[in-house]
Asks: 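Handing you a structure now.
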Amino acid sequence: MGYRTELEARLAKKTTTAIVEYQMIEDGDRVMVGLSGGKDSWALLQVLDILRQRAPIQFSLVAVNVDSGYKEYKHDLIASTCEARGWEYRIEHTGIGQTIEDILDDGATPCSLCARLRRGVLYRIGKEVGATKIALGHHADDFIETLLLNLFFAGALKAMPAKLVSDDGAHVVIRPLVYVGEEEARAYTKECALPIIGCCCPACGDLSLQRQRAKRLLMELEREHPGVKQSMLKALGNVAPRHLLDTRLNPPGELRARRTDGPPQSAQRQVPAPSDLRVLGVLCGRSLAPDA
């Protein structure tokens with residue numbers, strides 16, 4: 001079965017690369033896709049369904065939508081779309097929207113709290129539907145924007161992992177669209193005629209939010225320097241710990257000055273003892289004695 005379009009082939013290749021590199025999906029997995037109704041989650045569900053039909057392994061999909069309780073939210077359209085395409089789905093109605101209004105101070109940004117509450121619901125449903133993996137629709141731009149947000153506003157050099165085990169070890173979260181750009185996801189959702197449904201949160205799309213500012217900054221940089229976003233994404237997988245200031249990575253007590261007659265002490269070659277060489281020789285099936 002061939003891909004229907006060049007765009008679908010490109011997204012499938014990028015998603016497959018991420019799945020293989022980070023060992024996201026294994027034979028027999030039941031993958032629960034967090035389906036918000038936005039472009040990213042639709043694109044993820046569609047491309048995983050395409051890959052499921054072509055993959056040399058067997059895995060199943062179930063889409064789960066967490067309804068935050070806003071009256072205007074079109075959960076019925078999500079249901080009818082999944083039914084029309086033969087996708088297994090579940091819609092969980094919650095009062096997250098009201099909970100946020102009750103807890104959050106006026107003027108505070110609800111996004112992080114909303115994400116945590118929704119994640120908790122997904123974890124619970126994951127157990128109920130027997131999911132072995134929870135797939136989220138974060139794309140490459142989300143990774144880069146998160147890096148900038150943490151750098152600018154949180155004093156931390158981090159983004160988000162492509163594969164994450166929850167703190168209690170009970171859930172594995174995967175982000176197969178890590179190499180897919182936001183514009184690609186948007187174009188693919190449109191190409192597949194999938195309905196983009198807003199979350200109906202009053203703060204959604206607020207241009208004053210820090211993430212929107214980071215997004216605009218990246219757009220400007222990309223226009224001036226094409227390829228800068230790809231370079232930043234590559235940097236997330238090309239970390240040089242020795243060139244950072246975190247003493248947990250570089251304990252000051254372990255750093256030594258370079259000797260004038262050779263390499264730094266920490267870099268000097270450790271010569272195995274004769275007994276160690278004999279053990280290695282047994283394992284390797286050959287003589288590794290010092291005089292061999």
Asks: Within the 4.5 Å heavy-atom criterion, are K39 and E182 side-chain neighbours or not?
Replies: yes
Asks: Sub-3.5 Å donor-acceptor pair from the side chain of S80 to the main-chain atoms of L77, do we have one?
Replies: yes
Asks: Thinking salt bridges, do D141 and K215 make one under a 4.0 Å N-O criterion?
Replies: no
Asks: Under a single-linkage definition using a 4.5 Å side-chain heavy-atom cutoff for Ile, Leu, Val, Met, Phe, Trp and Tyr, are F152 and L236 assigned to the same hydrophobic cluster?
Replies: yes
Asks: Classify the side-chain pair S60/R52 by whether it contains a donor and acceptor separated by less than 3.5 Å.
Replies: no
Asks: So do L218 and M232 actually touch side chain to side chain, heavy atoms under 4.5 Å?
Replies: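 Yes. Closest side-chain heavy atoms under 4.5 Å.
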Asks: Side-chain contact, heavy-atom cut-off 4.5 Å: L136 with L122?
Replies: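 Sidechains of L122 and L136: in contact.
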Asks: Going by the side chain to side chain donor-acceptor pair (under 3.5 Å) test, name the single residue among E184, E21, K13, K14 that passes it with Y179.
Replies: E21
Asks: Only one of L44, L45, L61 clears side-chain contact (heavy atoms from CB on, under 4.5 Å) with V31; which?
Replies: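 Of the listed residues L44, L45, L61, the side-chain contact (heavy atoms from CB on, under 4.5 Å) partner of V31 is L61.
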Asks: Just by modelled atom types, is the L35 backbone N or O under 3.5 Å from a matching donor or acceptor in the N65 side chain?
Replies: yes
Asks: For residues R10 and Y3, determine if any side-chain heavy atom of one lies less than 4.5 Å from a side-chain heavy atom of the other.
Replies: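 No - every pair of side-chain heavy atoms lies 4.5 Å or more apart.
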Asks: Between Y22 and L11, is there a shared hydrophobic cluster once you connect ILVMFWY residues whose side-chain heavy atoms come closer than 4.5 Å?
Replies: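 Yes; tracing contacts between hydrophobic side chains, which count when under 4.5 Å, links both residues.
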Asks: Assess the residue pair S231 and H225 against the criterion (side-chain contact (heavy atoms from CB on, under 4.5 Å)); give the C-alpha distance rounded to whole Å, side-chain angles, the decisive distance to 0.1 Å, and a yes or no.
Replies: CA-CA 10 Å; S231 179; H225 308 282; over 6 Å; no
Asks: Fit a plane to each ring of H171 and Y123, take the angle between them on a 0 to 90° scale, and name the class: parallel (under 30°), tilted (30 to 60°) or perpendicular (over 60°).
Replies: parallel
Asks: Does any part of the side chain of L194, heavy atoms only, come nearer than 4.5 Å to the side chain of Y188, both counted from C-beta?
Replies: no
Asks: Let me confirm one number: the CG-CD1 distance from D67 to I91, rounded to the nearest 0.5 Å.
Replies: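 Reported value, rounded in 0.5 Å steps: 7.5 Å.
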Asks: Find the distance between CG (L148) and CG (L221) and round it off to the nearest 0.5 Å.
Replies: 8.5 Å
Asks: Under a 4.0 Å threshold between the charged nitrogen and the carboxylate oxygen, would E222 count as salt-bridged to K229?
Replies: no
Asks: Taking L177's backbone N and O only, do any of them form a donor-acceptor pair with T15's side chain (distance below 3.5 Å, no angle check)?
Replies: no
Asks: Decide side-chain contact (heavy atoms from CB on, under 4.5 Å) for R175 and F143; before the verdict, give the C-alpha distance in whole Å, the side-chain angles of both, and the deciding distance to 0.1 Å.
Replies: CA-CA 10 Å; R175 297 179 170 97; F143 281 74; 3.7 Å; yes
Asks: Could you walk me through whether K163 and Q23 pass side-chain contact (heavy atoms from CB on, under 4.5 Å), step by step?
Replies: CA-CA 8 Å; K163 183 179 180 180; Q23 302 178 27; 4.1 Å; yes
Asks: Between E128 and R90, does any NZ, NE, NH1 or NH2 come within less than 4.0 Å of an OD or OE carboxylate oxygen?
Replies: yes
Asks: Please check if the number of heavy atoms outside D246 that lie under 6.0 Å from its CG is greater than 12.
Replies: yes
Asks: Could you check whether atom CZ of R248 has more than 12 heavy atoms from other residues, nucleotides or ligands sitting under 6.0 Å from it?
Replies: no
Asks: Between L249 and P241, which heavy-atom pair has the shortest distance, and what is it?
Replies: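 Closest approach of L249 to P241: CD1-CB, 4.1 Å.
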Asks: Go through the steps for N250 and R242 under the test side-chain contact (heavy atoms from CB on, under 4.5 Å), then give the verdict.
Replies: CA-CA 6 Å; N250 302 297; R242 290 182 63 241; 4.0 Å; yes
Asks: Answer yes or no: are there more than 12 heavy-atom neighbours, outside L245 itself, under 6.0 Å from its atom CG?
Replies: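 At most 12 heavy atoms, drawn from other residues, nucleotides or ligands, come within 6.0 Å of this atom.
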Asks: Identify the two heavy atoms, one from M24 and one from A162, that lie closest to each other, and give their separation to 0.1 Å.
Replies: CE-O, 3.5 Å
Asks: Can you tell me how far CD of E92 sits from CD1 of I125, rounded to the nearest 0.5 angstrom?
Replies: 4.0 Å
Asks: How many angstroms lie between atom CG of D76 and atom OH of Y73, to the nearest 0.5 angstrom?
Replies: 10.0 Å
Asks: Let me confirm one number: the CD1-SG distance from I50 to C192, rounded to the nearest 0.5 Å.
Replies: 7.5 Å
Asks: For E220, is there an ion pair with R216 - N to carboxylate O distance below 4.0 angstrom?
Replies: no
Asks: Quick one: CD1 on I196 to OG1 on T189, what's the gap to the nearest 0.5 Å?
Replies: 5.5 Å
Asks: Kindly give the heavy-atom pair with the smallest separation between D142 and G137, and that separation in Å.
Replies: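 That would be OD2-O, 4.3 Å.
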Asks: What do you reckon, is CD of Q58 surrounded by more than 12 foreign heavy atoms closer than 6.0 Å?
Replies: no
Asks: State, to 0.1 Å, how close I19 and L51 come at their nearest heavy-atom pair, and which atoms those are.
Replies: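 The answer is CD1-CD1, 4.1 Å.
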Asks: With the side chain counted from C-beta on, respond yes when R211 and T146 share a heavy-atom pair under 4.5 Å apart, and no when they do not.
Replies: yes
Asks: Which heavy atom of P176 sits nearest to which heavy atom of A18, and what is that distance?
Replies: O-CB, 3.6 Å
Asks: Can you find a pair of side-chain heavy atoms, one from L157 and one from L147, that are under 4.5 Å apart?
Replies: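 With C-beta onward as the side chain, the pair touches.
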Asks: Find out whether Q46 and W87 are in side-chain contact, i.e. whether some heavy atom of one side chain is under 4.5 Å from a heavy atom of the other.
Replies: yes
Asks: Check for me, please, whether V20 and I57 land in the same ILVMFWY cluster - side-chain distances under 4.5 Å, paths through other members count.
Replies: no
Asks: Kindly give the heavy-atom pair with the smallest separation between A135 and L48, and that separation in Å.
Replies: CB-CD1, 4.2 Å
